Structure formats: C-alpha cells, structure tokens
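In what follows, a single structure is set out as structure tokens and then discussed.
The model shown is predicted, which means the values in this text are computed figures rather than measured ones.
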Amino acid sequence: MKISRHAVLAGIMFAAFAGGAYASATVDVYKSSTCKCCAKWVDHMRANGFTVNTHDVGNKEAREQAGIAPVLGSCHTALVDGYAIEGHVPAQDVKRLLKERPSAIGLTAPGMPHGSPGMEGERNDPYDVLLINKQGVTSIYSRHLPSDPKTSVMRLK
C-alpha cells in the first residue's frame, strides 16, 4: 500500500494540532476568592483551550513550594504540567513553554502589569514575561507591548 506525501503531511499536522502539549493540560490556579483579576485570567486561560481548576486558598504557599521568590510574585500562582506560572502570563506564552519544555521552574509576569490578561483596562503598559530557571535566575522569555502604539505608557489626568 502506497501512502501519498499529502496524506503523511496531513497526518503529521493533525497530530501536532490535536495532540499539542497544552491541548489536554490542566492548570491548577491558587488565588484569593475575592480577586477579580485572577478570575479574569482564569477565563483567559479557558478561552485559550486550557482546563482550569481554581483553589481559593491564596497563593503564598503554592508560590513558595514552586520556588518562586516573592520579588517575582503576583496575585495568583498556577501549576501546569510540571511548571509554575506566576501572575498574568498570557496563554500564548504558556503554550510556548509547554511546547519547548525548557529546564525551568516556570514563567512570571511580576506584579500585575496593566494590559496583561486579566488586567485589561484603560491603561496598557509594556511588560516582560520572565523565564525562571531551576536556580531561580530569570531571563526575558517574551515582551508584550501595548496594542495601540499611540498609547502612552504614562498618562496625566
């Protein structure tokens, strides 16, 4: 039986799409029960194909257990497929992390950057998502710029 190149290529593409590393990834999010921006980030992750379980117990313990320094902290900590995701990291960065599988603790968007998923509003600031290696050292994983280039980082009212 001879299989066409087209059929093989189509099969590879289907397997890559359907069986992507994040396609069945479950994200466990540790957050405060009253944090609205955390709930919006959970919605963002679900809208991008992730299954999300929330644990309304705060995130200090989860962050400590993951090995993330407080200076890199945010309002929620997520665990997904062996990685920690601290704060408002975009789903596209989490998908990339799960695809590339670097030797790392995970990703962080320290603080609560305006304009990041869950922190949308009038103000959109540029921010970096950092990769935290196993020694706790960070490097820039991705940069996110405001969607409107005319938007100033600083506004006076």
Side-chain angles (χ1 to χ4, degrees), residues 12-32 35-153:
I12 290 170
M13 290 178 68
F14 174 77
F17 178 74
Y22 65 87
S24 61
T26 298
V27 181
D28 283 291
V29 181
Y30 296 85
K31 65 179 195 61
S32 164
C35 186
K36 290 181 172 56
C37 66
C38 293
K40 289 168 86 177
W41 185 79
V42 166
D43 292 343
H44 165 76
M45 294 299 285
R46 286 182 175 141
N48 281 276
F50 288 93
T51 299
V52 182
N53 298 322
T54 59
H55 307 276
D56 292 335
V57 296
N59 70 321
K60 184 178 179 186
E61 188 176 320
R63 182 173 49 233
E64 286 174 0
Q65 287 181 354
I68 298 173
V71 71
L72 299 174
S74 187
C75 56
H76 60 269
T77 303
L79 304 176
V80 57
D81 205 17
Y83 291 104
I85 308 298
E86 184 69 18
H88 295 269
V89 174
Q92 67 195 33
D93 290 338
V94 177
K95 289 178 182 182
R96 178 179 155 208
L97 178 78
L98 295 176
K99 182 179 178 188
E100 293 176 353
R101 310 272 329 149
S103 177
I105 292 171
L107 300 174
T108 182
M112 299 167 69
H114 292 278
S116 62
M119 292 294 296
E120 299 88 356
E122 281 187 36
R123 183 173 157 186
N124 289 309
D125 295 343
Y127 67 97
D128 294 331
V129 170
L130 306 175
L131 178 71
I132 309 166
N133 73 16
K134 295 285 186 175
Q135 292 72 40
V137 177
T138 62
S139 59
I140 295 174
Y141 191 71
S142 64
R143 292 182 182 266
H144 297 274
L145 303 174
S147 57
D148 181 1
K150 297 177 204 154
T151 302
S152 171
V153 173

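A salt bridge is absent between K95 and D93; no separation between the charged side-chain nitrogens and carboxylate oxygens falls under 4.0 Å.
Not one N or O on the side chain of R63 forms a donor-acceptor pair closer than 3.5 Å with the backbone of E86. Between the side chain of N133 and the backbone N or O of G136 there is at least one donor-acceptor pair closer than 3.5 Å. In this structure a side-chain-to-backbone donor-acceptor pair under 3.5 Å is present from S74 to G111.
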*How far apart are the C-alpha atoms of D28 and H55, what are their side-chain angles, what is the distance that settles it, and do they pass the side chain to side chain donor-acceptor pair (under 3.5 Å) test?*
CA-CA 7 Å; D28 283 291; H55 307 276; 2.8 Å; yes

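Judged by the 6.0 Å distance and 45° axis criteria, R96 is positioned over the aromatic ring of Y141.
How far CG of D125 is from CG of L145: 11.0 Å, rounded to the nearest 0.5 Å. Between the CG atom in D81 and the OG1 atom in T26 there is a gap of 9.0 Å [rounded to 0.5 Å]. Here OG of S142 is found 7.5 Å from CG of L107. Values are rounded to the nearest 0.5 Å. If you take OG1 on T77 and NZ on K31, they are separated by 12.5 Å, rounding to the nearest 0.5 Å. The structure places CG of N53 at 11.0 Å from CG of L79, a figure rounded to the nearest 0.5 Å. With rounding to the nearest 0.5 Å, the separation of CD1 in I132 from OG1 in T138 is 7.5 Å.
Summarising the local packing, CD of E100 is surrounded by more than 12 heavy atoms from other residues, nucleotides or ligands at distances under 6.0 Å.
With sequence neighbours left out, E64 forms a salt bridge (charged side-chain N to carboxylate O under 4.0 Å, His left out) with no residue at all. With sequence neighbours left out, H144 forms a ring pair (Phe, Tyr, Trp, His ring centres under 6.0 Å) with Y127.
F50 and A91 get closest at one heavy-atom pair: CE1-CB, 4.1 Å. Contact between N124 and P146 at its shortest, heavy atoms only, is O-CG, 3.3 Å. Between I105 and G67, the shortest heavy-atom distance links the atoms CD1-O, 3.6 Å. When all heavy atoms of K40 and G118 are compared, the closest pair comes out as CB-CA, 3.6 Å. In plain terms, the two heavy atoms of R46 and V52 that are nearest each other are NH2-O, 2.8 Å. Closest heavy-atom contact between P117 and P90: CG-CA, 3.7 Å.
Side-chain contact between V29 and W41 is present, with at least one heavy-atom pair separated by less than 4.5 Å. A heavy-atom distance below 4.5 Å is not found between the side chains of V89 and T108. For the pair H76 and C35, the minimum side-chain heavy-atom distance is 4.5 Å or more. Put simply, the side chain of C75 reaches to within 4.5 Å of the side chain of C37, judged on heavy atoms. In this structure, L97 and P102 have side chains that are in contact, with non-hydrogen atoms separated by less than 4.5 Å.
Side-chain rings of H88 and H44 stay apart, their centers remaining 6.0 Å or farther from each other.
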